[in-house]
Undergrad: 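One structure follows; several queries about it will come next.
Each chain gets a letter, A, B and so on, in the order its sequence line appears, and its residues count up from 1. Only a predicted model underlies this, so the values are computations on that prediction, with no experimental measurement involved.
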Amino acid sequence: MIANSATEIDASGLAKSYRPGEHESAMSARWRESGCFKARPDSKSEPFTMFIPPPNVTAALHLGHALNNTLQDTLARHARMRGRDVLWMPGTDHAGIATQTVVERRLALQGKKRTDFTRDEFVAQVQAWKDEYERVILEQLVAMGCSCDFDRTRFTMDPVCAAGVREGFFRLFKDGLIERGRRLVNWDPKTKTAIADDEVVMRDVDGKMWYLKYPLSDGSGTITVATTRPETMLGDTAVAMNPKDPRAASLRGKKIILPIVGREIPIVEDDYVVMALSMGGDASDAKAEVATGFLKVTPAHDPNDFDIGRRHNLALINVLGPDGAISDRHGWNDVSEQAKAFVGLSREDARKAIVNWFKVNGLLENERPWKHAVGHSDRSGVAIEPWLSDQWFVRVTDQRLRGAALKAMAPDQFEGVSPAGKAVGDGEIRFFPPRYAKTFQHWHESLRDWCISRQLWWGHRIPVWTRDAKDEALTQSTSLRGSEMVAVNSKWSALGAAHRMRKRDDGSVEESVCLPLDLEHVAAQLVAAGFEQDQDVLDTWFSSALWPLSTLGWPHPEKFPDMKGMLERYNPSSVLSTARDIITLWVSRMTMFNRYFLGGKVPFKHVYIHPVIQDGFGQRMSKSLGNGLDPRDVIHSHGADALRFTLLDLTTDTQDVRVQIDMIDPQSGETFEPEFMRAPSGHMVAAPIQKSPKSPTQTMVSTYGAASGLATPSAAQPLARNTSSRFDVGRNVATKLWNASRFALMNTPQPALEVDPSTRPLLDRWILSRVAGALTRADRALAEYRFSDFAAAGYDLLWRDFCDWFLEAAKPTAKNDPAQQCVMACSLSAIVRLFHPGMPHVTEALWSAVKNHAACAVRGLDMKSTDLLATSSWPVAHASLIDTKAEAEFARVQALVEAIRNVRGERQVNPKKRIKLLASANASQVVALAGGVVETLSGVDGVLPITHARSPTAAAMTFEGQECWLDGLVDALDIGAERARLTKLLAERQRAVSGYKGKLSNAGYVAKAPPQVVQDTQKMLRDAEAELIAVERSLKELA
RNA sequence: GGGCGCUUAGCUCAGUUGGCUAGAGCGUCGCUUUUACACAGCGAAUGUCACAGGUUCGAGUCCUGUAGCGCCCA
């Protein structure tokens, strides 16, 4: 019959091979229909909770997401099988700047701008983008097998989350933890918005150091300042020097006439100034070498100068506009005739023009190349501009926030004396791997206030209404200190709003009213009274920081029918699994907010930081390099379980993981290693055009080629998708699991009995002990978030123990031994369960057949079965199942089998050839212990005493220091080959003997090492010596 | 500049209180298409554990220093 043999069902009840595509969506459907991923708030079981780090709706999930979600799902499924009530909360993040930017970029392709639309129209466009990608993301999670409670899927801007954001902002505002201030922010002149410190990436730039001469006002000469930013000199309000500088005394009290502008500015003395090398500067400081000892001070355009300005009470003169161009409309009032020429120039043009002015006027002393780090916007890529503007800040440096976060750390992970007290939540957060606790701690110790306003349209609009103070009496009665916002009592506060006032830099007074959600109707009254709602939206991380609260309906879960009791039950969560760079952006802020809003409760008990996935060259995967992998492509080429298993296997806790990129030939479907080249940026990338491995005339475009625009995919030259042969491991495991299950099931027709392991032969006791050991190993690995070890526990049990030894050894016996069938079926059931958290689809597909053996049991191995594997129990092995004696004995069996196989392999004997073993005393004993297993596994069909006559072609071997012979291996002896084999063995034994002798001749070793270690060495020496003698004798006989 | 890691077989990585004649997977080389699996089985080869010191009876493992790589924060 010519049938599709792969789909043919055999005696096991399973198809002949596992094809992921034929099972995955069916399994997903079964899980969904059963509702088994739903949290059970009413259950008595202990909850196990995770909040998914909500992926940005900017794009589909990449391999890093696949990794993190695989790890979380493995934990979730493991916990579920162990009877926990699992809530894995899914959702997505609106990702303010990032999403707005992708939509604006798409509009730009159509020649349109954001400002061509009204705010509402534009937001609707972004919303459409969000809907599309949210759907894709959720589909990807389902395709990967993630067991999220999808009915509870949240979005950071949905009404439930928005209510939390609104309340969080209101409370912080009311409590004085949110304030407005004119500060230097990281301004992105391209997107025209402020960005947070951690959205700034430092990049080394090949710039220049310019040396500008500034004349002293008394005409006594000039001093030279060194600067990398000459264009900001228009805003200089002082020149600073180090008080220790030898020239300080003679310059003290003098003034400078600022060139171009003509402004008279003081010379101030400040320790911050780096002294010139020639004036006693520190030779180990690279800056001393380029420094002149004089620093131009521009408080409005440099954070360090801002600090100097504060110390010396200097004026802030802002000479730049929001687009980064020189402007006289943002605080620069003393524009001279000469300076007017520079107004309106971009910062790049202004730099050239200023430098040129100094050159022309003989005031440019020098210029030299200077490599230095410049902050760039993570989003738009342009250099950020420290810029003065009114922004909203959360005072995270307040002890109620920062202090609470530090106190949350587990005391033994805190460096120094832990501040944790006995309050709720103190000392409860633990990091895995522990080294990341330091990152968390250091971040808080050097924290600055968090700028939360963004000049965007996409996001949570700031719920504050502002106007110039109008109520004179109220203003008079309020004691305004500096620029601090002060709470006032008013008709608005009487309604329940928070009303605060502050004095602006220019002396005018501003009043702000923040409305909680339930006072939304007051907004109209505020507007009528001349208030205007703030135009800005909140930093994305503000809503993310509330994720563990807002997704559970905080502050009013009673308003949402399905959230009753959820907050109390599922917050804190069990573990947060996330990426390294998120510790500062997210972990910290969730900790501060959760503790602040929930009476000290921490948002999670454990924080697991997963590794970063890199390409084969150790580079981060990125769209522009085209070196990313789409999980959907891997699922297509290898299957979801292969993807998952491989990712688990790669996740060790010491190193980031490398996944080298391969390509799929779109014509043949074949995977091949592409040709790489060095991109102009210095990165290694796949060459834009690749040749087909099958037919070199056929070409295709790499993802780098398409991303860089160096090649355009077409019908003749299609785009080649990325994959990686790294995922072969996972695919192979799925296949092995499938085939092993089929074989085991074929050999276990109807075992319905309970077996007492102690009545079973060595082989059976051994495999059950191995199952128990693997379960212990797997449980411990997951408890410590060592995912690679979890994967290895399953792999070793399945492949090495169950397939290579147990199934092979049981082949001749199982068919006629119901008890052994029971052991086989139960071991298989345990293995399939063990693999389920990592490889849910293939195991669930197997379960339809495996569960039919639920009637058999092994005493000491507890397993409960349900219709679905996902809800069946995790196997529990009692201590009685661990049989150290059986393991030790079986290790001897394995050693003997391997010794025989070694000789067979070396002599290239056909595996089918049956041979005779002339066994030593120990070997005979092991053969007897094994009850036929040695013969089965080593192809021996007769065991004779060592004294038995042997043919001239027999080969010598040793076992446990005793000589044995194998006879009947070959028809004619190749003396040369045999001599080579024995000579090699001889050298090996000699090396061993001298090694052990050396150890034992060391008096210190014998005297100080533990007796057991010394005894072991002595035994190994005795065996090695005996074997050496045996090999020597064999060699002699050969000659 | 500060912090955190990493450097072990051709490649990717394990190696949990120091006991190791250093392991796995892939790749390589033999033998085998044996009725679970060639996405397989059996066997083999391959390492001055980055380098230099130190502690110790004993160091891949602990300490110090050097070099290179990576990430985070300035």
Undergrad: Under 3.5 Å, is there any donor-acceptor pair linking the side chain of A:E808 to the base of B:A36?
TA: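 Answer is yes: a donor-acceptor pair is held.
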Undergrad: Using the salt bridge (charged side-chain N to carboxylate O under 4.0 Å, His left out) rule, pick out the option among A:R989, A:K997, A:K1019 that qualifies with A:E1025.
TA: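 Single salt bridge (charged side-chain N to carboxylate O under 4.0 Å, His left out) partner of A:E1025 among A:R989, A:K997, A:K1019: A:K997.
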Undergrad: State whether the distance check finds a donor on one side and an acceptor on the other, under 3.5 Å, for side chain A:K438 versus base B:C4.
TA: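 Checked by distance alone, the answer is no.
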Undergrad: Under 3.5 Å for both pairing distances: what stems, at least three Watson-Crick or G-U pairs long, include RNA chain B?
TA: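 Listed by first number, the stems are B:1-7 with B:67-73, B:10-13 with B:23-26, B:28-32 with B:40-44, B:50-54 with B:62-66.
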Undergrad: I'd like the C1' distance from B:C37 over to B:C42, given in whole Å.
TA: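 Straight-line distance between the two C1' atoms is 15 Å.
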Undergrad: Near A:R914 CZ, under 6.0 Å, is it more than 12 heavy atoms from other residues, nucleotides or ligands?
TA: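 More than 12 within 6.0 Å, yes.
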Undergrad: Rounding to an integer number of angstrom, what distance separates B:G43 and B:C26 when you compare their P atoms?
TA: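 These two P atoms come out 14 Å apart once rounded.
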Undergrad: Taking B:C49 as the reference, what is the distance to B:A24 when you measure between their C1' atoms (whole Å, please)?
TA: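 That atom pair is separated by 16 Å.
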Undergrad: Taking the side chain from A:R904 and the backbone from A:S938, do they hold a donor-acceptor pair closer than 3.5 Å?
TA: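 Yes: the side chain of A:R904 pairs with the backbone of A:S938.
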Undergrad: Indicate whether the side chain of A:H442 and that of A:E415 have a donor and an acceptor atom separated by less than 3.5 Å.
TA: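 A:E415 and A:H442 do have a side-chain donor-acceptor pair below 3.5 Å.
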Undergrad: Just the rounded figure in Å: distance from C1' of B:C26 to CZ of A:F727.
TA: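 In whole Å, B:C26 C1' and A:F727 CZ are 14 Å from each other.
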Undergrad: Under a 4.0 Å heavy-atom cut-off, which of residues 609-619 of chain A touch RNA chain B?
TA: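 When residues 609-619 of chain A is checked for heavy atoms under 4.0 Å from RNA chain B, the hits, listed by number, are A:Q614.
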